[in-house]
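In what follows, a single structure is set out as structure tokens and then discussed.
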Amino acid sequence: MIRFLLRRTVTMVLTLVAVSALVFIIINLPPGNYVSNQIAEMRSSGEAAGVERAAALIKEHSLDRPLWEQYLIWIGAAPGPAGFNGLLQGNLGWSFELARPVAEVVGETAGLTVIVNLAALMFVYLVALPLGTIAAVRANSWIDYIASLIGYIGLATPNFLLALIMLFYGARYFDIPIGGLMAREYEGEPMGWDKFLSILTHLIVPTIVIGTSAAAAVMRRLRANLMDELNKPYVETAKAKGVPPVTRVVRYPLRMALNPFVADIGNLAPQLVSGSVMISVVMSLPTLGPILLQSLRSQDIFMSGFVLLFVSGLTLLGMLISDILLAVLDPRIRLAGREGA
Amino acid sequence: MRQTPLLKVEGLSICFGLPGASIEVVHDVSFELAPGRTLALVGESGSGKTLTGKAVMGLLPRGARVSAGRVLLQRPDGPVDLLRQSPAVMRQIRGAQVSMIFQEPMSAFSALHTVGSQISEVLRVHGMCDAAEARKRALDMLAEVGCPDAARAYAAYPFELSGGLRQRAMIAMAMIGAPRLVIADEPTTALDVTTQAVVLDLLRRVSRDHGLATVLITHDLGVVANMADEVVVLRRGMVVERGEASAVLTHPGHSYTKRLIDAAPRVPESIAVHAPPERDDILTVDGLSKTYPGRHRSFGRPASPVYALSDFSMRLERGRTVAVVGESGSGKSTVAKLILRAELPDPGATIRFNPRDGQPMDVTSLAGERLTEFRRKAQMVFQDPFAALSPRMSVQDILTEPLVIHGLGTRSERRERAAWLMARVGLSPDHLGRFPHAFSGGQRQRIAIARALALKPELLVLDEPTSALDVSVQAEVLELMGELEGELGLSYLFISHNLAVVAALADHVMVMRRGRVVEEGAPDCIFNDPRHPYTRALIAASPEPDMHRRLDLTAVACGAGEPNTWPEPFGYNGEAAPQLIEVAPGHRVRRAA
Amino acid sequence: AGATIETPDLVETVSEGKLPPVGARLPDEPKVVDLRAKGRKPGVHGGLVRMFVTRAKDVRYMAAWGYARLVGYNEDYELEPDILKAVEISPDGRSYTLVLRQGHRWSDGHPFTTEDLRYWWEDVALNEELSPSGPPVEMIVGGALPEVEVIDETRITYTWPAPNPRFLPALAQARPLYIYRPAHYVKQFHADFADPDALAKHVEGSKARNWAQLHNGMDDLYKFDNPELPVLQPWMNTSDRNNQRYVLQRNPYYHRVDTSGRQLPYIDTVELEVAAGGLIPAKATLGEADLQVRSLGFSDAPVLKKNEASGGYETHLWRSGTASEVAIYPNLTYADPVWRDVFRDLRFRRALSLAISRKAINKVLYFGLAKERALAALEESPFFDAEAAHAWADFDLDEANRLLDEMGLTERNAAGIRLLPDGRPMEIVIETAGERREETDALQIVGETWKQVGIRLLVKTLDRDILRNRAYAGLSMMVAWYGWNNGVPTPDAPPFELAPVDQANFTWPRWGQYYQTKGAAGEAPDMPAAIRLLELFELWSTVTTDAERGAAWREMLAIHADQVLAIGTVSRAPLPVVANNHLRNVPGEALYAWDPGAQLGIHRIDEFWYDAHEDGSLAQGTRQ
Amino acid sequence: MEHYVAPDRGHDADLDRQALDRADLDAPTRVLVWRRFRRHRLGVLCLIILALGYAILPFVEILSPYNPNDFDENNIYAPPQGLYLFHEGAYVGLHTYPTATVYDMETGLVKRVTDRSDPLPVPVLTTCGEPYHLFGFIEGRFRVICPPEDGELFLIGSDRLGRDMFSRMVHGARLSMTVGLIGVVVSFTIGLILGGLAGYFGGWCDAAVSRAIEIFRSLPELPIWLALSAAVPVNWGPVSVFVMISIILGLLDWPGLARAVRSKFLALREEDYVRAAELMGAKPSRIIWRHMMPNFMSHLIASASLSIPAMILGETALSFLGLGLRPPAVSWGMMLNDALNLSAVEIYPWLLMPMVPVIFAVLAFSFVGDALRDALDPYS
Ligand SMILES: Nc1ncnc2c1ncn2[C@@H]1O[C@H](COP(=O)(O)OP(=O)(O)OP(=O)(O)O)[C@@H](O)[C@H]1O
Ligand SMILES: Nc1ncnc2c1ncn2[C@@H]1O[C@H](COP(=O)(O)OP(=O)(O)OP(=O)(O)O)[C@@H](O)[C@H]1O
Ligand SMILES: [Mg+2]
Ligand SMILES: [Mg+2]
């Protein structure tokens, strides 16, 4: 197990390096860079002074070097103008657009991103797992149909439209706050009970919006997988032992049916970050999504580069966790006679 | 002495399908069973034995319905009809009052949980004791059903155990809740006779001491003779004969029963010795070993590897049959898997396969075309037929698949061949469209055999091919094998627990124990002149369908003790086993020189 | 000043002695605003105005909306002194004397004097580290720097070798030329003045790379994001940069006062909250904004109107002050020679303009409430000319077809698209920034009618920056953008947008580049009309009287009308403005433009106030 | 127990063999599957709906009263218009009433004033309107339903450019209903093959595929989209853009599936029947497709029936980012994207109409999927 972990971690790091290179290439795909665009913009508004200042930025961040050199400098594998000072050295870079270090920006939002996404995730699993299980056990009954119908409607409504509708009517009829993650007076305050409550009420709509379609999907897949397992002889054995229905389903077939979902854990991070970008944009959530979108649009490469790398890292970590969980969950994978995962 | 019956089945009929268009599978079956007694349910494969048992448990498969009858269980407050109880009440009864040993132990365990946790769950579910106590009792139970290393079995996952071990675990699971009624569906098919003896002994003891009533579903009339107080003979869903065991076995009234008893194989008094053939080995195996890496129980502690097989050598002559018998878990299936390259042996082994026409092959290093060729010529019948058949393929597809794989025949030819195969193994070709789960255990086993025969192989490895077959079908299958041996020059590696079958079929018998061959020779030598204490125990433990020759189970159980309890010169300690020594031409025994 | 009334909000602070009384805070001669004369009502102090912006850095809009300028535009778009008491221009137009108000103070109470202007000129603009590219272009005339002479504490003179007509307009812009700095505050970041150790510590602490960067970060009066930086604006920022919410408090030393002696602004606090653009209309309908223009579009007007009662606000429809909501710029310097020749053919541009159904665009985009126009000056401008506004702007497909046929573009392909002389189909790719749906909708309508004259229109949306870069490289064929930002030109306003002097003008990016780089890049204009426009631009820069400048403007506008150098569609588009029901002095009808006008700036938010409820309590934006 | 012996009718080997006759079980798999499928009423109904839906896709021009991009500046935001048979109690045939748009300066609202006194007959099955090109080349003007003469027919209203929502929705079906299919095909092909290989072979193959999945998964979608949106040539026809979008949607979708397949296969390959097939000499492809895949069918079917709607909506999200289809192409996603504002929700709710077909499509695919799953499950 330890060797497995070690091996997986090493490959993960290697993959991360590959991904970081790809990320860097992709974000540099559009022509120009933030500063050169800024210069264009300033030229167009006749700000000659700014132009010089921006030109200095180009030097400072080595934006005039070849791409591969920029990459090496970025990750800290080659010396930049200020010596070795890149990701490896813990310098996450500079956000041109926000004119502050990336670390600061990310530090603020990453926590909130995690909160929103965890809430959505909990919603998904708290809703989807029980509903999917019930739907499978009581397949083709009215409860199955109702659960499906609700899920499908969530699935069929574009998220951001749902967000808009819920926000609008939620605010009007239920006094649910619109947008943001907390009431304005708590901005920047230390965490307290009131602030927490405020965050909770603000989380209602995003959670439901981000969660519904995902929940519907999980529910449907779970139902299908579980129905396969429910007829297996080992379920009959459990029945013969007199195991009560809930335990019987949860302990045996459900665990078996979870396999594909566990395999999917790695997908959660990117899904939740880039998948919820639009929702975050629409709903004005101070999460990484909108920052990413904005920085991509304005080619704020260090900002977007780091966020993307962060998400990639999370994804890879998620996959690692999912592999470990898979092994824990299914001894056949863990102990299989042949070599492999 | 007439006790109030514990279980009373009255006019039970079971049918499949919708009302109206339904088909009755079990028809008007009645019997009763008193505490402490054992009732044997025998009959042809597919006659509805398992269904009857499941009906008692209230576990009929989807689509099956009880169309008539009652199943009365005597409880302290009077008899209750198990068919009409609420799910909650049934839950209390199952596992605690009535339990069942399922026919196919592999599939009956969840692959995700350790065997031990699945066994002790019974106790926890019924709130009989706390977790620690449950674990202790499960370990005891495992030891009691004859698991050599109860702790290992407890912590193992089902797929890590040999078929016999799994079956014992299954039995342990059924018995641990101290039920008053056990429905044992072929509880010993995967067990070697000595273990079978242990298990049967256990069942008998519990019956006697605790008044356990047993419904024993079996094909083995030997077991019936040894165990049963009463016998019910089923045929095509109907009771054809019913009565005290002694009466039925000694004076069968129905022609079917008679036929059953006649067909039961016995170890013949004298075994015909085949003419010494010209040396033409189809298979030579040398120095075959298999070590499974052990599992880390916890971090840090190194795992001790499992020596599933040590230094196994054999020769199989073309057109002949080598039988491997031995204790469950002694590595028999491992031999089969290694020879067929289902797994790779430890380095240093040679397996040479010598097809009738073509180059000899070194099985361990085959690849590509040659491997495919080998795969066509050597076939295997798996021990657990249910697990070995794709659940989502119809029988038709299963039977034609080998032909498709090797590109043999046209579509219609393949279909014809499938139909022919079905008929040959005693199944109706009309059932080709069904899926495996819709067959009874024995029927599935026959499908597995039919599939192995589809390619007309030269070498057939059969892992317990007849364990789930009723004797008449078994006879048919054995007959078929004999015919093929002659017709096609088929060679068999035959793995079995049933010494009678082995005696009838084999040209050479190898007796295995703990991963090693302890004795080998012609059946004549082995059965009539066994040298090794383990071989002797085996033979003594083989039950015979004769009420008057019941086994002395306790004695048998002792004979098959640990290697270090064996008398000189056979005994040894640990891994330091002595060599095989030729005691007579072709008869070799593992003993100190 | 006469009797003054202390702001209730500050009474306590004053009585505690932390702040001088209002009389002592105001300049000796404050700017007295006669609200009644402007048709407004004098008001009372107090209240909170909540607004939404879409990005954290948008706090800078407060620098525009506050609109305290040395000189600024009044509501008639005339320049007048604001922070300054007066501007004295020498008769030859070469010398400007700026007169400050005696006793004027920065928002921290420190006097605002000519030292602050001198500091900027000598220690910022001329400092090579702070301004590596030298002083801003507006300060340079014919390559020469001004001579700056401090006369006394309140008088300073700037003298150039030739007139500098761009100087005062630059001071009045939405994003003005800040020629002053709070010297007493920023000196601590200046290497020439600060204690080196303390400065080094500052540089360290702010993570700046050097003192110049630090200085430039701390002294930016426009960005408005340094709460410590003293300002002259009506409200001063109290929140740190990169906030989701900015609270701006009244500047107790603001220089404007109403006739009854109340120091402006009336409103105590302005709060800017960052919210997603899409949510702002929804928030407005719920009454969460007390004054909101940004991120509201005309398409939101119906919803805003519908929810007025429940939201407790009023929706005014202002008018956009750009010369055209959507204008199409054919790139006369396009890299493809065939197309370029076609674009330079006057008949082609006229035909394209004629082949647009402006009525349909108006109806679809603005329910017919906007004006269907060519690109021309608006009514508010002295140069408004009804004829020019309709030149080549009436929908006439026959005439358009005739013009195109006359050009010889008679060949068509199977789909009915005309062919270029070299046989390519006439597919015009119009690039837009895609930030406004109006643009794409209008282009779709344009496309339908252009198809009928045999021209296929394809729309490509690009990011603003990429679009600009493409245009500068001569790669974009046509661009759809706003018409001239300045729809209400006055003689004072520099006619940048009308002459080939700016690469940001999509009609001639390459010519503009040539001018801006003094010939180092781009191409010299080689079209007579363009050359004439350039001459007129130079003329405007050298003449000194309004009449002469006006004449130059008029001729330039006439050339544009005749030459159809950019194709206008509709102008004076209605724009919803949401204002709290109790907020007074919010104009019901107004022009909303960036420059001149600074959007809300010219409408003077500091003069807005909350009226009282029946119970006497002040009606105001309340916190949730 | 007394010794009971049933009446003995002797032994008949053939009879023995005929254990049971279950005609319902003894039919070819296809028949069985179909039979089980038919039991699922809702599934059958949905299958019929989908089949009909796809069948009319080539003929949408005939069904719609207008061409989808015909705009009418005089009829923007027209609400849904009624179709009537009776006027003042008398049957006058299919008709509607003339409406006019009035802009109310006070409220800022557009009002439609309907003149109830003057029924306008609605022609059916005639020629009218602008010509269209069926299959791209057959020019025609024949339509099932036409707007009345000097009148309009906005069955479910018109949008901000005065385009008929109904015609657009019908046309939109063409792209929306196929984008999902193509995307799913692409994604499933790649996902199944790669996931299958990784799961079955394990070892370096698994490592390679897993890394590919990881890289693909962790590669950010967003910048790729943005880069692409700049890269697609503008003069690409809507069909090329559409094909590209569906392929990209598919390309981005596969890793999730591949991982699920892989992990399930890692478990399945330990099953005895897989080993049995190996020992028969079956090639890996055969084992994967014939033995392992069917046992993963339920998940696949569920995934597919989820992927299709996800892709229909994915296109909407792309429009949001500016890389969706472009006019003159019409899709439900584009239409919904147009409805992404407060006015649509509050004042012009009919702009949200495209949600109805999307929901229907989602439901139909899912119910068919369910039915298929049940039908393929031999245990049911
Ligand atoms: N789920 C099912 N669907 C349809 N038919 C079934 C199903 N299960 C069993 N059958 C049929 O019912 C009959 C009786 O089956 P049962 O399992 O009781 O046989 P059995 O007596 O236990 O046979 P064996 O000794 O081979 O295990 C068989 O013919 C079998 O084909
Ligand atoms: N994958 C595995 N991992 C670890 N141990 C294994 C594995 N497979 C088999 N074994 C062990 O190897 C030994 C031999 O197993 P094998 O299946 O060959 O026994 P067998 O002789 O066929 O027994 P039975 O008659 O009960 O089927 C057993 O102790 C078993 O637990
Ligand atoms: Mg059975
Ligand atoms: Mg075995």
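Quick caveat, the model's predicted, so the values are computed rather than measured. First the proteins, then the strands, lettered A, B, ... as listed; each starts at 1.
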Value for CD1 (B:I405) from NZ (D:K283), rounded to nearest 0.5 Å, stands at 8.5 Å
To the nearest 0.5 Å, atom CZ of D:R290 lies from atom CE of B:M393 at 4.0 Å
Any idea which heavy atoms bring [X] and [Y] closest together, and the distance?
X      : Y      : result
D:Y273 : B:S390 : CD1-OG, 3.2 Å
B:P391 : D:N295 : CG-OD1, 3.3 Å
D:M280 : B:P402 : SD-CG, 3.4 Å
D:P294 : B:R392 : O-CD, 3.2 Å
B:F382 : D:L279 : CZ-CD1, 3.8 Å

Does B:R242 use its side chain to pair, donor to acceptor, with the backbone of D:V5 at less than 3.5 Å?
no
Highest number of heavy-atom pairs under 4.5 Å with chain D among B:L455, B:L389, B:T372 belongs to B:L389
- Any side-chain heavy atom of D:R275 sitting closer than 4.5 Å to one from B:K337? yes
Could you tell me whether D:R286 and B:E401 make a salt bridge, using a distance below 4.0 angstrom between a side-chain N and a carboxylate O? yes
Whatever's closer than 4.5 Å to a heavy atom in chain D on B:H406 counts as side chain
Under 4.5 Å to a heavy atom of chain D? For B:L340 that would be both
